Amino acid sequence: MTTKVMLSMIAVYLQELEAEAKITRKMLALVPDDKHDWKPHEKSMPMVFLSTHIAELPGWINMAIHTDGLDFGADKYEPKTVKNNTELLQFFETTLAKAKADLEKFNEDELSKEWVLRNGKTVLYKSTKGETIRMTYSQIVHHRAQLGVYLRLLNIPIPGTYGPSADEQG
């Protein structure tokens with residue numbers, strides 16, 4: 001007889017974070033150093049900004065854990081500057097390690113506390129800390145998919161994410 005063990009939400013978050021990190025790491029490793037300023041459209045962000053944003057997103061897990069929200073109107077955003085792919089991957093590994101460490105120590109009872117994203121008095125997003133962590137994972141996947149489009153348009157073979165990619169299937 002097989003018994004199923006119910007995982008804590010923190011354990012689920014940690015498993016999912018590690019699974020998504022493997023995919024994200026593969027995608028970030030493909031960002032070419034000579035295409036940092038490249039973008040597919042005038043309204044698109046440059047590749048270095050997009051890839052650095054992906055690398056910083058695990059830090060939103062820390063923010064959800066340690067704060068009650070973020071106010072874009074009060075907190076000036078300074079994007080991380082990376083000079084090459086090595087620095088990009090190191091930055092990702094640093095934010096990922098901090099997110100894992102904070103999740104491992106986080107009290108699951110705190111997941112239901114409110115977290116608010118705002119721009120001054122305008123509320124952009126209001127949810128629980130737990131939902132904010134899940135939204136962070138969605139943001140990672142969303143922006144990683146954007147990066148996949150950038151790479152595809154540059155004829156860089158795309159690795160599989162949740163299965164083999166067209167490039168891996170031959």
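All values derive from a computational prediction rather than experimental measurement.
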Between [Y] and [X], is the closest basic N to carboxylate O distance under 4.0 Å?
X      : Y      : value
Arg134 : Glu131 : no
Arg144 : Glu20  : yes
Lys76  : Glu78  : yes
Arg152 : Asp167 : yes

[X] versus [Y], closest heavy-atom pair with distance:
X      : Y     : answer
Glu42  : Lys39 : O-NZ, 3.4 Å
Leu151 : Pro32 : CD2-CD, 4.2 Å
Ala99  : Pro58 : CB-O, 3.5 Å

pair [X]-[Y]: side-chain heavy atoms closer than 4.5 Å:
X      : Y      : answer
Thr86  : Asp33  : no
Leu111 : Ile133 : yes
Val31  : Tyr150 : no
Phe92  : Thr24  : yes
Leu70  : Met63  : yes
Met47  : Leu147 : yes

Should Tyr13 and Tyr137 be marked as a side-chain contact (heavy atoms from CB on, under 4.5 Å) after you check the CA-CA gap, both sets of side-chain angles, and the distance that decides it?
CA-CA 9 Å; Tyr13 289 153; Tyr137 293 2; 3.6 Å; yes
Look up atom [atom1] in [X] and atom [atom2] in [Y], then write down how far apart they are to the nearest 0.5 Å.
X      : Y      : atom1 : atom2 : answer
Trp38  : Leu50  : CH2   : CG    : 10.5 Å
Glu104 : Leu14  : CD    : CG    : 5.5 Å
His41  : Leu153 : NE2   : CG    : 12.0 Å
Leu28  : Leu88  : CG    : CG    : 5.0 Å
Lys26  : Ile158 : NZ    : CD1   : 11.0 Å
Asp109 : Lys129 : CG    : NZ    : 13.0 Å

So if you build clusters from Ile, Leu, Val, Met, Phe, Trp, Tyr with side-chain heavy-atom gaps below 4.5 Å, do [X] and [Y] land together?
X      : Y      : value
Val116 : Ile65  : no
Phe49  : Val141 : no
Val149 : Met27  : yes
Leu57  : Leu124 : yes
Val123 : Tyr77  : no

(Q) Show, in sequence, the C-alpha distance, side-chain angles and deciding distance for Lys126 and Arg118, and conclude whether the side-chain contact (heavy atoms from CB on, under 4.5 Å) test is met. (A) CA-CA 8 Å; Lys126 182 190 279 190; Arg118 65 180 70 244; 5.9 Å; no
| message | Between His143 and Gln146, is there a side-chain donor-acceptor contact under 3.5 Å, judged purely by atom types and distance? | response | yes
* Quick one: which of Thr132, Asp102, Leu17, Thr95 gives a side-chain contact (heavy atoms from CB on, under 4.5 Å) with Ile61? ->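 In the set Thr132, Asp102, Leu17, Thr95, the residue that makes a side-chain contact (heavy atoms from CB on, under 4.5 Å) with Ile61 is Leu17.
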Q.
Run Arg25 and Glu93 through salt bridge (charged side-chain N to carboxylate O under 4.0 Å, His left out) and show every step you take.
A. CA-CA 9 Å; Arg25 197 176 285 116; Glu93 295 302 335; 2.4 Å; yes
Whether the side chain of [X] engages the backbone of [Y] through a donor-acceptor N/O pair (distance < 3.5 Å, no angle test) should be reported.
X      : Y      : result
Asn119 : Gly73  : yes
Glu108 : Met9   : yes
Glu168 : Gly160 : yes
Asn62  : Lys98  : yes

**Request:** May I ask you to check whether over 12 heavy atoms, not counting those of Lys80, lie within 6.0 Å of atom NZ?
**Result:** no
Parallel, tilted or perpendicular: which one describes the rings of Trp115 and Trp60, with boundaries at 30° and 60°?
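Rings of Trp115 and Trp60: tilted, as their planes differ by 30° to 60°.
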